[in-house]
Engineer: 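Starting off with a structure, shown below.
All values reported here derive from a predicted model rather than from experimental measurement.
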Amino acid sequence: MAAPVNVSPLIRTARWALLGMGGLYGYKHKDTVAQWRAEERVGEKAAKIQYLADIEEQKKLSNIEFEKRSILFGFSDENPGVEVDGKIISAEAAAALGH
């Protein structure tokens with residue numbers, strides 16, 4: 001194994017000085033970046049809320065279609081359920097109600 005190289009004291013001092021300056025720069029720049037991100041988070045939060053609301057609405061519509069034709073709810077493709085006032089009921093019950 002080769003002997004380690006003796007690094008100049010000037011280079012070692014410069015390395016430590018630049019490391020310290022980089023730390024100070026990062027500490028100072030962190031506040032600026034935090035302000036930028038705070039402005040971005042407002043829009044991101046609104047987009048997330050809208051995205052989740054759209055997914056929830058799609059789930060509701062999908063569940064209604066599933067309930068209309070599912071044997072689990074007593075309906076089938078030949079005898080689908082009917083939506084009346086937000087509830088799925090049989091066609092016979094809907095006819096009896098006058099819908």
Engineer: State, to 0.1 Å, how close V84 and A94 come at their nearest heavy-atom pair, and which atoms those are.
Structural biologist: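 That closest heavy-atom pairing would be CG2-CB, 4.2 Å.
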Engineer: For Q58, does its backbone N or O pair with a side-chain atom of S62 as donor and acceptor, under 3.5 Å?
Structural biologist: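 A pair under 3.5 Å: no.
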Engineer: Calculate, to the nearest 0.5 Å, the distance between atoms CD1 and NZ belonging to I64 and K87 respectively.
Structural biologist: 13.0 Å
Engineer: Which value, rounded to the nearest 0.5 Å, describes the distance between K30 atom NZ and Y27 atom OH?
Structural biologist: 5.5 Å
Engineer: Can you tell me how far the CD1 atom of I88 sits from the CZ atom of F66, to the nearest 0.5 Å?
Structural biologist: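 Spacing of CD1 (I88) from CZ (F66) equals 12.0 Å.
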Engineer: Within this structure, what is the CG-CG distance for the pair D85 and L97, rounded to the nearest 0.5 Å?
Structural biologist: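 CG of L97 is found 8.5 Å from CG of D85.
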Engineer: Please test R37 against E40 for salt bridge (Lys or Arg N to Asp or Glu O under 4.0 Å), starting from the C-alpha separation and ending with a verdict.
Structural biologist: CA-CA 5 Å; R37 299 301 177 246; E40 291 174 355; 3.3 Å; yes
Engineer: Tell me whether K68 is salt-bridged to E65, with the criterion being a basic N under 4.0 Å from an acidic carboxylate O.
Structural biologist: yes
Engineer: How long is the gap from NZ on K48 to CD on Q50, to the nearest 0.5 Å?
Structural biologist: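 Rounded to the nearest 0.5 Å, the NZ-CD separation comes to 14.0 Å.
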Engineer: Could you pull out the closest heavy-atom pair between E67 and F75, with the gap in Å?
Structural biologist: O-CD1, 3.1 Å
Engineer: Distance check, rounded to the nearest 0.5 Å: E57 atom CD versus L61 atom CG?
Structural biologist: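 The distance works out to 5.0 Å.
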Engineer: Give the minimum heavy-atom separation between R41 and A34, together with the two atoms involved.
Structural biologist: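 Closest approach of R41 to A34, heavy atoms only: NH2-O, 4.3 Å.
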